[in-house]
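Heads up, the thing below is written out as structure tokens.
Just so we're on the same page: letters track the sequence lines, and every chain starts at 1.
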Amino acid sequence: MSTEALPQLTAKDFASDQEIRWCPGCGDYAILAQVKKIMPDLGIPREKIVFVSGIGCSSRFPYYMNTYGFHTIHGRAPALATGVKVANPELTVFVVTGDGDGLSIGGNHLIHAIRRNLDVNILLFNNRIYGLTKGQYSPTSELGKKTKSTPMGSVDNPLHPLSIAIGAEASFVARTVDRNVQHMAAMIKRAAEHRGTAFIEIYQNCNIFNDGAFLFATEKEQKDDTTLYLEHGKPMIFGKDGDKGIRLNGLEPEIVSLKDGNMKEDDLLFHDEKLGEPSLAYLLSRMRYPEFPEPMGVLRCVDQPLFEQGVHKQINDAVKAKGPGKLEDILLEGDTWDV
Amino acid sequence: MSTEALPQLTAKDFASDQEIRWCPGCGDYAILAQVKKIMPDLGIPREKIVFVSGIGCSSRFPYYMNTYGFHTIHGRAPALATGVKVANPELTVFVVTGDGDGLSIGGNHLIHAIRRNLDVNILLFNNRIYGLTKGQYSPTSELGKKTKSTPMGSVDNPLHPLSIAIGAEASFVARTVDRNVQHMAAMIKRAAEHRGTAFIEIYQNCNIFNDGAFLFATEKEQKDDTTLYLEHGKPMIFGKDGDKGIRLNGLEPEIVSLKDGNMKEDDLLFHDEKLGEPSLAYLLSRMRYPEFPEPMGVLRCVDQPLFEQGVHKQINDAVKAKGPGKLEDILLEGDTWDV
Amino acid sequence: MTTQTKTAKGVEQRTDVTIRFAGDSGDGMQLTGTQFTRTSAIFGNDISTFPDFPAEIRAPAGTLAGVSGFQVHFGSEELHTPGDEVDTLVAFNPAALKKNIEDVVKGGLVIVNEDSFGKTDLKKAGFESNPLEDDSLSQYRLIKIPATKLTKEALKDSPLGTKAVDRCKNFFALGLVSWLYGRPLEPVVEWIERKFGKNPDVANANRDVLRVGHAYGETCEYFENTYQVNKAKLTPGKYRRISGNDATALGFIFGARLAEKDLFYGSYPITPASDVLHALSRYKHFRVKTFQAEDEIAAICSSIGASFAGDLATTGTSGPGLALKGEALGLAVMTELPLVVLNVQRGGPSTGLPTKTEQADLFQAMYGRNGECPLVVIAACSPSDCFATAIEACRITLEHMTPVVLLTDGFIANGEEPWAIPDVSQMKKIDVKYAEGVNSNGNGEGGFLPYKRDDRLVRPWAIPGTAGLQHRIGGLEKQDITGNVNYEPANHQHMIDTRAKKVALIADNIPEQAVEGPDEGDLLVVGWGGTYGALKSACDRVRSQGKKVAHCHIRYLNPFPKNLGDVLKRYKKVLVAELNCGQLRFILRATYLVDAAALNKVQGKPFLISEVENKINELLAK
Amino acid sequence: MTTQTKTAKGVEQRTDVTIRFAGDSGDGMQLTGTQFTRTSAIFGNDISTFPDFPAEIRAPAGTLAGVSGFQVHFGSEELHTPGDEVDTLVAFNPAALKKNIEDVVKGGLVIVNEDSFGKTDLKKAGFESNPLEDDSLSQYRLIKIPATKLTKEALKDSPLGTKAVDRCKNFFALGLVSWLYGRPLEPVVEWIERKFGKNPDVANANRDVLRVGHAYGETCEYFENTYQVNKAKLTPGKYRRISGNDATALGFIFGARLAEKDLFYGSYPITPASDVLHALSRYKHFRVKTFQAEDEIAAICSSIGASFAGDLATTGTSGPGLALKGEALGLAVMTELPLVVLNVQRGGPSTGLPTKTEQADLFQAMYGRNGECPLVVIAACSPSDCFATAIEACRITLEHMTPVVLLTDGFIANGEEPWAIPDVSQMKKIDVKYAEGVNSNGNGEGGFLPYKRDDRLVRPWAIPGTAGLQHRIGGLEKQDITGNVNYEPANHQHMIDTRAKKVALIADNIPEQAVEGPDEGDLLVVGWGGTYGALKSACDRVRSQGKKVAHCHIRYLNPFPKNLGDVLKRYKKVLVAELNCGQLRFILRATYLVDAAALNKVQGKPFLISEVENKINELLAK
Ligand SMILES: Cc1ncc(C[n+]2csc(CCOP(=O)(O)OP(=O)(O)O)c2C)c(N)n1
Ligand SMILES: Cc1ncc(C[n+]2csc(CCOP(=O)(O)OP(=O)(O)O)c2C)c(N)n1
Ligand code: SF4
Ligand code: SF4
Ligand SMILES: [Mg+2]
Ligand SMILES: [Mg+2]
């Protein structure tokens, strides 16, 4: 790694020359803008960054970044990223995927990347619909959803991205929403800084096929009452006037009012990203609108061994123990004889 | 369904004429024996039972049952079973899979079957190794495991079957072990009785490639201290003399002694399979030997809508609303004109 | 446009006309095209259409990538293609003009919405100067209409907002073109009322604009004359329009009914096959079970499971999805279960050109699996033919207990044509033979033998739920008759041979290969799938010029009809024309050692009749 | 066994001998066979082996399904197959006898462990009467040895338990057979000491039993004579034994080193390819990164990612796994990245016969993807040839930026032969051309053009981490030169043609097709892959009888060598012999319109020399 001072880059330097081809009004634009914006802050030269994606509207993302990029095939981005990262751990790798790409066809690669704790950042654009194929329901679509493929409503119980990620041993799990650009930027930055697989679910509005899916979390009038912005070490408080909190009743979270003074901050659940066991993160992942405010922010962030580091450590250990392999030597392994 | 009294069948009636081809001493034998044993109790005629499996030693299972059976391809049993069950919800379907078949190549189908809550019973034989391909590590092998493909030890953080199932919205999750035949029989029966996807992890010894993986849970001298047999509504007590219990400290379980009288049963965590939210089940799924006794039994068992029922309800509703479709009618849909 | 006669009063008579509506994805061109097609069909023309979507949902407005087109060919004679050259182009913006002008016949009409030719619009489309003002369009009859402005004016009293008003301008174009070709407005008005019934403001606006467009034609004096395309002399009967994907869906439903089975369709959305899933999911009252699986592998596996459990199982996808289904398709071959696999071909390789047409999956259908893994492959040749071919796929799979790959392509899947509605009472039932009981000879002890075959080598189908027939199947090699796992060398050879023979024997149960044209001659033009119309039309043309050219359209690609080898030998030359690099040609060469010539095109577009005609003439001249 | 001369003192001279060791999976037959092979190789014979495993890990003891066999062919002349007929069968139980006796030459030696022919043993194997007592073996020279009893006696003082003692009996057999064929015991003793060094009780027991077996031969008077097979006249040099899978693994390591790259091998275990993963995972000090992926799709995708990131990327599997890789292989073709895909073929279709050999994946390798998707296919012909062919695959993929499918099969993957250790200093470096910088002409603004090709149509490889060369690739059709997504018809045609041409041009960079035997003549025997030895031997034999027969072994299956068409034309007849239903023959017929005859066998087993010889004679007689 060079020690020269890097030229000061701006968001613009991270824009490729390709025309952006999302529908006007699509939430993807906001995400792209924030990703470009935080890039200079990471202090990583463009050539050391790789964006890998699958197939879907969201997966067009790499084309718009002036970094190395790979628009792969449907669902396989995490697998491909694993190869990139094992081949060269020095690269900073982002995986961009959708709720269909990442959780339908690609669910298995996603959970395996997560459990291996590869040092990649996975941005899952959850619009609860298949955008690119023009509007079928996805594994995150709510039960009863009417779409082109479910004219009488879907009968599949949906998956919850954060729960499945936590079930797959995730070391970093966060959630944000396209319309809250500052928070989104902060989350993506936190993800990039995390060593290990950072999984972020980004609520993303598809204004063509599933418009308004996340209005509850973005509309001024209600969002403070329907979302809970997590802060490490802080009590879980939400509501327009910070007048509500989350308390634990046994293993069940409950909403309490801070207004009447019966309840103090200290009675509330305090957030702790760093817990060794992910039970709190899991519990948070179950809190859902309208019963609960939906948690936004980092649910979990712990240090765990990195997969690619393990691979390279073994290589280095082997080289140390046996010396760098000599071709002549392996030819002579086992019994040899002369004729 | 006929109302005639069924002939009284025995375990033997469920044995096929095929020679069993597992290694002598393999834990699979015990599982087969228990499955055959509980079959008559289910009161389902043999022809209404289908065993579906993938590929692996465990997946040979269907050949040995005198029921309908399908030994499919690697990892795909849950997907195939979905078709069986949607086509004919009256069939009782068992899926037999291994830790490789079900969680490596087949992980995605597994989680999707679980989240859809199809009424099938999934028996995952977890021997923490690839048996049939002669001894590579699996996604449930412990970190650092030395196998044919990992001579310096594995560097992949393993998946935990119960956690991932719970992360995937499972309605029934249980664990048992090949050597505890009564418990195993009880669990399989509970699974069969559950309406919805019943997921059971069965600790299974592969005496050829991973012998003794579950000794902690089967050896007389220690098993009482290293396993926690769950009972619905009962406090979590374990230990040779029932002298230890599990208490909740915030969100962390801890082991307490019941011996000195400081702690009473009522202070302990009480098991509840039926909780609406799976946070307790998840927390239990994290308790692992040697830090904790490993929970055995039903972690979670709740009623949720069945996928295939949803499918068939829509069909019936549509027939009710529109009448049974007439071929002539669909030909005439849209504009027609006469020439 | 083949023939034209001018009548009095400025009405020109045409046998057929090709119009292309093109504009930005948001301009409603697909709708305009569909409505015009509908009216023409109801009017009594023969029609053929070709919608051409951009790959993006909505690429940036005004760009070339965002152009959406819809071509309709209508005529008073039988039509088999959506037309080689465009007689009238309706271009809603500069990008649409740029992308489509090359296809317009010299002297053809080019109608543009001049309001969308502002500076930025031109720049987005990459024009240096305004083509409406320089002389770059001098070879065409250019008609500039201020569609945006006139629409706004027409709706100045409408309660609709600016955006909604602007969205009505496609109805202006539709009105104008309807006037130009003498089409009645009623069917459109009726449709508007049905569609926007709940939203009377929108309905009124669209209807008003439609009428204004029509009136504008009358009054504007831009047009020398209008055109008349008489009713076509189609076989009498009841007709409707149908697209290939809809026809396939209906064919599956019919297949199931004719076999008295429930239909199962397991699929994962993929362009251009998704519409089959959409269509089928609307027919639940026909006991159609659609399953949107988590991926293509789950889709086919669920279908195999449904087949095992006794449904008529089908699965559908496009190229990359078929690649994913290869392993499971092998399982279906090994377990000898009925299964129809629909592949709506699109441009490849890899993700390729997802919204474009191609015929490059024949090899994959034939060979895309491990081991010797023969199955049936058949292909539909036109939108309406998808119906009959889908039924045929169901028939073969059920009668022969073998998977069938049904090939269509993006061109016929999305294209529409009139369809003489078939008579249900004339349709032949599909005869499904189920295992009737324990079939072991002599002692009943032997139990049920799932691989005991009949004289067509078909094994019995025993459906879970049937008492006494419990049996186990799977992907390992099995002993013939018993179906037990078996690793013996001689048995393997026997089973390999038997599976191949079973498929080969299906040739006894399909029609012999027919040709259109002379029974022998100078050239045989061979094709398959969606190129039928272009090849047929080209052959008709050269034959009408007295040439000894026949057309051989192969519907059954595996096994081939028994007489195909003989047919190929009866002509001096053979030409195989395909939208790929020569896959059928390769198979014919290998099978019959015929030195066939090739016409190949891999451009995401169908053949033009003229391309085929030129190649024919070139070969005849040699 | 070709020639035999009796010398004095009861020592019979043989040019070559085939022994098969067969017993229950638990009997240690693989080990016995391997040790005998090792000794023979060290002694100086040429050798060829054929292990034959049951599909089960350990099927029930004593059953036919549980029989494990190991055949070794050793000789004083060059050998190319593990032998047609068995001269000596060592059968450790009735099932092993039953399953293998048919392959023994009439008059051959059959050595059985008579202690394992009890009633239940016989029943498990399905014998009605004891073959050692009825006259069913009268055509063979039957030698009954009480191996179990003698082993027990020999070890009566050993501290080992009964089970462990019993497990030593295979060393008794090894000792006996070593005596019979005059093999030294030292190499085995040495091996025992190395292997069981930490467990001296076991080491002692095995060594003792080995010696007792040897002594038993001397004293038992069962044998008329012993046999002598002289050293082979091999090219002088240093030799070792090698199996195909090990050779492939070494080839990959060499490929990477010769190109100065790290090696990445992404794989998912599958029989019979898993051993390549096992072998490579032991070479981490060569900077080999092995990745056991969650499935085959992840395996190939991780490899594509590693290739993108600059490693020499390889992935390996067997038939069903290759089916799963099809879609991703298309991505590699589209993105024009280097990638070697190893396919160790096994019996199909579907799960098929997982432990048996076959050559039925040629079609799949060539065509198992959506769209027009050409890539390079090459095949190795023997265990040691896997080394050179793997290097060649690495060379082509790196020099031409195109995926290469490397085909081997279960037979050569598990079989062993002596290998003249190559001279590293003589090996040619692989010349990898990296993008050197921004390659747009004129102004640097244009940036890096990832699809700007050289005269071989190869695009530049720009590796992430290289400043200024940031670019994006993917599976959508791309514009030539820029690599930007592009849907234009003409560009698609151009890219389809270019990808095909790029692969075709590789014919300029591979050797011309050679033949063994006359340059023209009556018959050309064509083959590919692991049948090389049998075909070569058969051709040698008929040529030695004066027949004008040549052998054409095709290593480069796509593209074919440039002169192949000419070669085929120089013979009156062409025979294509394959372990499938005629896949190469089909491709040759289509490509060259050659009316080739076929010899096909699909039995999970390699050709016998005699089968090929008979077919040759049949064709010559016609
Ligand atoms: C193998 C394969 N199957 C199916 C498709 C079709 N396909 C493309 S994107 C997509 C789903 C997109 O949904 P999502 O991942 O949620 O992305 P979005 O478009 O909503 O951003 C599908 C089914 C494909 N390209 N490849
Ligand atoms: C597509 C495919 N890939 C790989 C294999 C090889 N294979 C067969 S079983 C197996 C893993 C078995 O492990 P597990 O599921 O744990 O079953 P076990 O044998 O341990 O019971 C593998 C990798 C296969 N048969 N098919
Ligand atoms: S379809 Fe939806 S997700 Fe896709 S670009 Fe349009 S608005 Fe965005
Ligand atoms: S290998 Fe292991 S899991 Fe397989 S049959 Fe043998 S003991 Fe059982
Ligand atoms: Mg989406
Ligand atoms: Mg296992």
So what's closer than 4.5 Å to chain C heavy atoms on D/I297: side chain, backbone, both or neither?
side chain
Below 4.5 Å from any heavy atom of chain C, which atoms of D/V485 appear? Answer side chain, backbone, both or neither.
neither
Please look at D/D497 and chain C and tell me whether the side chain, the backbone, both or neither of the residue comes under 4.5 angstrom of a heavy atom of that chain.
neither
Heavy-atom pairs under 4.5 Å with chain C - which of D/G475, D/C373, D/G330 has more of them than the others?
D/G475
May I have the list of side-chain donor-acceptor pairs in residues 316-326 of chain D shorter than 3.5 Å, sequence neighbours left out?
{"from": "D/S318", "atom 1": "OG", "to": "D/V344", "atom 2": "O", "distance (Å)": "2.6"}
{"from": "D/K325", "atom 1": "NZ", "to": "D/E296", "atom 2": "O", "distance (Å)": "3.4"}
{"from": "D/K325", "atom 1": "NZ", "to": "D/T315", "atom 2": "OG1", "distance (Å)": "2.8"}

Picking from C/Q345, C/E372, C/H494, C/E327, which has the most non-hydrogen pairs under 4.5 angstrom with chain D?
C/E372
Looking at C/T355 and C/F53, would you say the former's side chain and the latter's main chain have a donor-acceptor pair under 3.5 Å?
yes
Run through C/E358, C/E578, C/E611 and flag the one making a salt bridge (charged side-chain N to carboxylate O under 4.0 Å, His left out) with C/K601.
C/E611
Any chance you could measure C/R346, atom CZ, to D/N370, atom CG, to the nearest 0.5 Å?
7.5 Å
Using a cut-off of under 4.5 Å on heavy-atom pairs, state which of D/N343, D/L476, D/D361, D/T335 scores highest against chain C.
D/L476
At a heavy-atom distance under 4.5 Å, which candidate from C/A65, C/A360, C/G348 has the highest pair count against chain D?
C/A360
Parallel, tilted or perpendicular, judged at 30° and 60°: which one describes the rings of C/F363 and D/Y367?
tilted
The single option from D/L329, D/L331, D/V503 passing side chain to side chain contact (heavy atoms under 4.5 Å, CB included) against D/P403
D/L329
Does this structure show an ion pair linking D/K356 with C/E477, if we count only N-O contacts that are shorter than 4.0 Å?
no
Of C/N491, C/V333, C/D595, C/L353, the largest count of non-hydrogen pairs under 4.5 angstrom with chain D goes to C/L353
Top contributor to chain C contacts, counting heavy-atom pairs under 4.5 Å, from D/A590, D/G474, D/C581, D/A332
D/A590
In terms of heavy-atom pairs under 4.5 Å, which option from C/S350, C/P354, C/G347 contacts chain D the most?
C/S350
Relative to chain C, which segment of D/R585 carries a heavy atom at a distance below 4.5 Å: side chain, backbone, both, or neither?
neither
Assess, by modelled atom type and distance only, whether the side chains of D/E488 and D/Q479 contain a donor and an acceptor separated by less than 3.5 Å.
no
Taking every heavy-atom pair that is under 4.5 Å apart, which of C/K99, C/M366, C/H492, C/M334 has the most such pairs with chain D?
C/H492
Residue list, ring pair (Phe, Tyr, Trp, His ring centres under 6.0 Å) with C/F308, at least two apart or on another chain:
B/F70
Counting heavy-atom pairs closer than 4.5 Å to chain D, which one of C/R369, C/R499, C/K605, C/K478 comes out on top?
C/R369
